[in-house]
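Quick caveat: nothing in here was measured; it's all calculated off a predicted structure.
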Amino acid sequence: MNVRRSAAVLAAVVAIGAATPAAADTSPSPSPALPSALYGDTDPQYDGVWRQSLALLAQHTVDVEPSKAAVDWLTGQQCADGSFAPYRADTAEECGAKTMVDTNQTAAAVQALAALGGHDDVTKKAVGWLKSVQNKDGGWGYTAGGASDTNSTSVVVGALAAAGDRPAEVKKDGKSPYDALLTLALPCEGDGAGAFAFQPDKKGGLVANADATAAGVLGALGAGLAAGPGKGEASSCEKPGTPEQAAANGAAYLTEALAKNGHLTSALAGAEDQPDFGNTADAVVALAAQGSGEQAAKSLSWLEKNAADWAAQSGPAAYAQLIFAAHATGADPRDFGGTDLVERLGATGPAAEKATEAKADEKKDEESDSGLGVWWFVGVCLVAGIGIGFLISGRKKQQP
């Protein structure tokens with residue numbers, strides 16, 4: 001899968017509430033009707049807000065200020081009640097009963113806009129809507145009223161935390177999101193020990209799902225899509241009585257699943273076994289956030305060697321996922337197996353604000369200089385020794 005099902009359970013199988021975002025549409029002919037401020041050139045009908053949010057969040061993570069037009073496009077997609085649909089071609093038209101809003105797009109937008117700052121009015125309304133559609137078990141489904149699933153619940157937890165709320169205190173009928181996640185955590189005996197299920201099956205049983213497990217680990221930790229490295233430790237599976245233990249159990253499951261060849265395989269029903277780049281990237285973030293850095297680093301290395309073609313075909317959300325994986329493990333997304341992920345992501349959308357795009361380079365320059373600055377000092381010495389007036393010194397900052 002090209003974009004994590006954990007947070008963009010998109011319309012391909014919306015009817016059963018367990019879909020995957022259609023970010024990997026590789027149609028060679030982009031629609032001429034697409035707005036210039038949108039990242040990617042594929043049909044945004046099912047994932048426009050999702051991929052825009054990931055792109056903006058990823059750029060913020062690497063100290064690149066996104067285009068104002070791109071941010072304005074995202075905020076302009078919000079409905080009056082605070083929710084977001086995947087894509088509204090005509091935002092002048094009010095959202096109605098037929099507008100397919102969902103928790104995943106809304107939560108992703110909150111995470112991106114909260115990180116960027118200055119959009120409290122938008123995020124407050126979005127969080128208010130998310131709270132209004134919380135299920136009685138404490139979790140969320142992909143759409144309002146849908147059965148709670150690990151993926152949706154986890155991306156909403158990330159949004160709540162990003163907006164300054166305490167997820168444990170956001171309750172419905174006395175149940176918090178963590179209560180919902182714990183009901184979806186498998187015990188330590190039997191197949192899939194320690195993993196998370198996406199949802200209970202028709203008989204109420206729990207079936208391990210690696211994609212849901214990566215999401216569940218982040219959710220149980222109260223972390224978002226762009227989580228940084230954590231301080232936990234890998235441990236053997238124990239009864240998941242707390243969110244922290246459930247996260248540790250999930251990390252142990254992912255570690256075992258990744259140990260053989262460094263990547264997860266496709267979870268699509270009926271598909272041939274093949275590397276699942278998106279879910280592997282999500283698993284790297286989850287493992288790093290939980291503190292299982294050794295396996296996270298090994299799988300990141302596999303992604304560095306193998307994920308470039310997948311990201312090029314899949315677009316902005318895929319580049320964002322890889323940037324998140326690099327960020328979580330302390331790797332350099334500007335040199336990801338020889339690929340500059342930041343540059344590639346930027347090329348899929350409107351030009352970033354140049355003044356802030358150079359922030360990382362300027363920081364390195366500042367760290368390399370000391371006192372009044374090496375070049376300034378040289379200039380002063382020349383003035384004193386030659387007597388030619390004054391030299392305009394000061395280091396010129398290189399543009400990215």
Heavy-atom donor-acceptor pair, D179 side chain to S176 backbone, under 3.5 Å = yes
Practice problem: Starting from the C-alpha separation in whole Å, work towards a yes-or-no answer on side chain to side chain contact (heavy atoms under 4.5 Å, CB included) for V49 and Y87. | Solution: CA-CA 6 Å; V49 165; Y87 178 61; over 6 Å; no
Looking at W310, is its backbone amide N or carbonyl O close enough to the side chain of S314 to form a donor-acceptor pair, meaning the two atoms are under 3.5 Å apart? yes
Discussion item. Could you tell me if the side chain of L56 sits less than 4.5 Å from the side chain of Y39, heavy atoms only?
Written reply: yes
Answer yes or no: is there a donor N or O on one side and an acceptor on the other, between the side chain of S299 and the main chain of V284, under 3.5 Å? no
Interatomic distance, OG1@T150 vs CG@N209, rounded to 0.5 Å, equals 8.0 Å
Let's go through T348 and R51 carefully: what are the C-alpha distance in whole Å and the side-chain angles of both, what is the deciding distance for side-chain hydrogen bond (donor to acceptor under 3.5 Å, both in side chains) to 0.1 Å, and is it a yes or a no?
CA-CA 11 Å; T348 69; R51 74 189 190 213; over 6 Å; no
Above 12 or not: heavy atoms from other molecules or residues under 6.0 Å from NZ of K125? yes
Donor-acceptor under 3.5 Å (Q59 side chain, L345 main chain): no
Notebook entry, point to check: Under the 3.5 angstrom rule, does the side chain of T123 hit a backbone N or O of D120 as a donor-acceptor pair?
Noted result: yes
- Query: Does any non-hydrogen side-chain atom of L225 lie less than 4.5 Å from one of F324?
  - Reply: yes
Task: Heavy-atom neighbours of D191 CG exceed 12 at 6.0 Å - done: no
Evaluate the side-chain proximity of V101 to F84: yes if any heavy-atom separation is below 4.5 Å, no if none is.
no
Nearest heavy-atom contact between A210 and Y253 is CA-CE2, 4.1 Å
With sequence neighbours left out, the residues meeting side-chain contact (heavy atoms from CB on, under 4.5 Å) with A115 are L57, H60
> Would you say the side-chain atoms of T153 pair up with the backbone N or O of W140, donor to acceptor, closer than 3.5 Å?
Replying inline: yes
Note: L264 and A283 closest approach over all heavy atoms is CD1-CB, 4.1 Å
Between the OG1 atom in T103 and the OH atom in Y142, the distance rounded to the nearest 0.5 Å is 7.5 Å
Quick note, ring pair (Phe, Tyr, Trp, His ring centres under 6.0 Å) partners involving residues 283-303, not counting sequence neighbours, are H263-W302, F277-W302
Are C95 and R88 packed together at the side-chain level, in the sense that at least one heavy-atom pair is separated by less than 4.5 angstrom?
yes
| message | Under a 4.0 Å threshold between the charged nitrogen and the carboxylate oxygen, would K172 count as salt-bridged to D137? | response | no
For residues 109-136, the ring pair (Phe, Tyr, Trp, His ring centres under 6.0 Å) pairs (sequence neighbours left out) are none
So CG of L74 and CH2 of W50: to nearest 0.5 Å the spacing works out to 12.5 Å
- So, do D173 and N135 sit near enough that their side-chain heavy atoms are less than 4.5 Å apart? no
Self-check item: side chain to side chain contact (heavy atoms under 4.5 Å, CB included) between L160 and K131, worked out
Solution: CA-CA 9 Å; L160 294 173; K131 291 178 179 179; 4.3 Å; yes
Residues at least two apart in sequence or cross-chain that pass side-chain contact (heavy atoms from CB on, under 4.5 Å) with C237, listed by chain then number, are C188, N249
Validation row: D276, T265 side chains within 4.5 angstrom (heavy atoms):
no
Between A70 and Q52 the two heavy atoms that sit nearest each other are O-NE2, 3.1 Å
For K298, the salt bridge (Lys or Arg N to Asp or Glu O under 4.0 Å) test, sequence neighbours excluded, returns E294
Value for CG (L303) from CD (Q321), rounded to nearest 0.5 Å, stands at 10.0 Å
### Message
Is there a path of hydrophobic side-chain contacts, each under 4.5 Å between heavy atoms of I/L/V/M/F/W/Y residues, joining L182 to L254?
### Response
no
Residues at least two apart in sequence or cross-chain that pass side chain to side chain donor-acceptor pair (under 3.5 Å) with K68, listed by chain then number, are D72
CD (E65) and CG (L116) are apart, to the nearest 0.5 Å, by 8.5 Å
Check your understanding: Under the 3.5 angstrom rule, does the side chain of S154 hit a backbone N or O of L218 as a donor-acceptor pair?
Key -> no
Flag, side chain of Q199 to backbone of A147, donor-acceptor distance under 3.5 Å:
yes
Open item on the list: Is any side-chain heavy atom of P333 closer than 4.5 Å to one of V342?
Closed with: yes
Rounding to 0.5 Å, atoms CG (L287) and OG1 (T329) come to a distance of 11.0 Å
### Message
For the backbone of G139 and the side chain of Q134, can you confirm whether one donor and one acceptor N or O come within less than 3.5 Å of each other?
### Response
no
_Side chains of F336 and L300 in contact at under 4.5 Å (non-hydrogen atoms)_ = yes
